[in-house]
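Presented below is the structure to which this report refers.
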Amino acid sequence: MEQVTHKVSQMAEHLIGSEIIKLGGEIRDRILKGEQIYNFTIGDFDPNYFPIPEALTAYIIDAYRKNLTNYPVANGAPELRQAIVDLLMQKQGIQYHADEVLVAGGARPIIYAIYQALVDPQDKVLFPVPSWNNNHYTHLSHAQQVFVETTPEQQFMPTAEQLEPYIQEVSLLALCSPLNPTGTMFTQEQLLGICDLVLKENQRRPKDQKPLYVLYDQIYSMLTYGQSHVDPVALRPEMKPYTIYVDGISKSLAATGVRVGWGFGPAHIIDKMKSILGHVGAWAPRPEQIAAGKYLADVNRLDAFLSHIKAALQQRLQAFYEGIQYLKSQGFAVEAIPPAAAIYLTVQFDLKGYTSASGNTLQNTSDISAYLLSEAKVALVPFRAFGASDDSTWFRLSVGTTSMDDVKASLNAIESALKGLKKP
Ligand SMILES: Cc1ncc(COP(=O)(O)O)c(C=O)c1O
């Protein structure tokens, strides 16, 4: 029978799925078919190397055994929201009330709800690129994206000077630190400059107009390797009415499949977000919420887990960083940015114009990705997938699914592949 495909909404018609998930899926399919690939594409953890804390597993099972399986409270289990506000005070020195916190099924629904609560159709949303998925959330809100491209010299973090030309025309500024895809983070000075820009703009804006809001995604804030995490409200308390934070356990507890995230900010906005997510039904499962609340209530135990996971992640990131620096010292056209946080290393393969043994000249980023995949069996995500320009030769290398043995073996494979190229 002939398939008839009737029209769908304009939004759905023009929605593109996550490029990163698509790429990760393609690589996974090839691995399933038997190919040996070092897959550094996904921002996830292999539970064989990075299991969630044992106590969290035990609390989750316990909650199911106790039949705590009915609907969760709409804004989240009270014990979890209380644990979150206690943690915020201890870790960041910022004071929130449990009513200013909303729990959801991971950080994604929180980001979606922030956009839906604050951004009107045709509004402009400002964000730096490379960044993670803001283009898609802007599209879901029928809004327009305005982006500024950051550079390696600034560790790919935006500056106030870059954002300033657009600040009067936008409703939302979406920031993330530590940043996916780069593993870099704001310095205090950089973020202060941006906060002051936002505060100045909100003083200028007529009071009957929507203020400029800041979405601050700090989901990697507990995975830092020396540099301190900074956030708008801790630096400038006057930012509180304008800032909505995104956070969760997906990364810090290696719990991407447990699906517990949260947001916090002004109560009236959190309340709107609660209604939006209530209609979607995007709550975290109640047993997981209760378990996460119990787990996070013990900060010493949390810190012990964090030092263990951070040591393992940093070991991998550092080994890759040093491996790339070694290759650079051997004259290869590669570079890496020192890893500051998260599970990502920013690496450059500046190989445009190089020719392979089979006589093919690498013309663009896709050719470079394809060459690394075919000759080194290494899969990376180009920054283009995070909104950077097409000719960017920078890539995200994610270490959450890799062993130390694979780090060494893949660096050797990269070296051999680079040796197989002829300079332009
Ligand atoms: C910056 C950032 N925010 C949010 C998320 C989504 O987190 P979750 O899996 O809890 O929805 C991710 C996941 O990759 C991320 O990198």
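Remember, it's 1-based here, ligands and their atoms both numbered in the order they're listed. Not measured: the values here are computed from a predicted model.
Distance from atom 13 (C) of ligand 1 to its nearest protein heavy atom, with residue and atom name: K251 NZ, 3.2 Å. The protein heavy atom nearest to atom 11 (O) of ligand 1 is R259 NH2, 2.8 Å. The single protein non-hydrogen atom nearest to atom 10 (O) of ligand 1 is S250 OG, 2.6 Å, given as residue, atom name and distance. For atom 7 (O) of ligand 1, the closest non-hydrogen atom of the protein is A107 CB, 3.5 Å. The protein heavy atom nearest to atom 3 (N) of ligand 1 is D217 OD2, 2.6 Å.
Counting atoms of ligand 1 from 1 in the listed order, those under 4.0 Å from a heavy atom of N180 are 1 (C), 14 (O), 15 (C), 16 (O). Each of the following atoms of ligand 1 lies closer than 4.0 Å to a heavy atom of Y220: 1 (C), 14 (O), 15 (C), 16 (O). Residue-ligand proximity, C176 to ligand 1, at heavy-atom distances under 4.0 Å covers atoms 1 (C).
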>> With ring-ring contact (aromatic ring centres under 6.0 Å, His included) as the criterion, how do Y245 and W262 come out once you've worked through the C-alpha distance, each side chain's angles and the decisive distance to 0.1 Å?
In response: CA-CA 8 Å; Y245 290 78; W262 56 86; over 10 Å; no
> Can you check ring-ring contact (aromatic ring centres under 6.0 Å, His included) on W394 and F349, steps first, answer last?
Replying inline: CA-CA 7 Å; W394 290 89; F349 290 92; 9.6 Å; no
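Between W132 and Y137, the ring-plane angle classifies as tilted under the 30° and 60° cut-offs. Between Y38 and F40, the angle of the ring planes stays under 30°, which puts this pair in the parallel group of the 30/60° scheme. Relative ring orientation between Y216 and H229 is described as tilted, the plane-to-plane angle lying within the 30° to 60° band.
A donor-acceptor distance shorter than 3.5 angstrom exists from the side chain of N364 to the backbone of D367, with no hydrogens or angles considered.
Ligand 1 has I219 within reach: a non-hydrogen atom of the residue lies less than 4.0 Å from it. In this structure, G43 has no heavy atom closer than 4.0 Å to ligand 1.
Each of E149, Q155, E153 was evaluated against T151; a single residue qualifies, E153, per the side-chain hydrogen bond (donor to acceptor under 3.5 Å, both in side chains) test.
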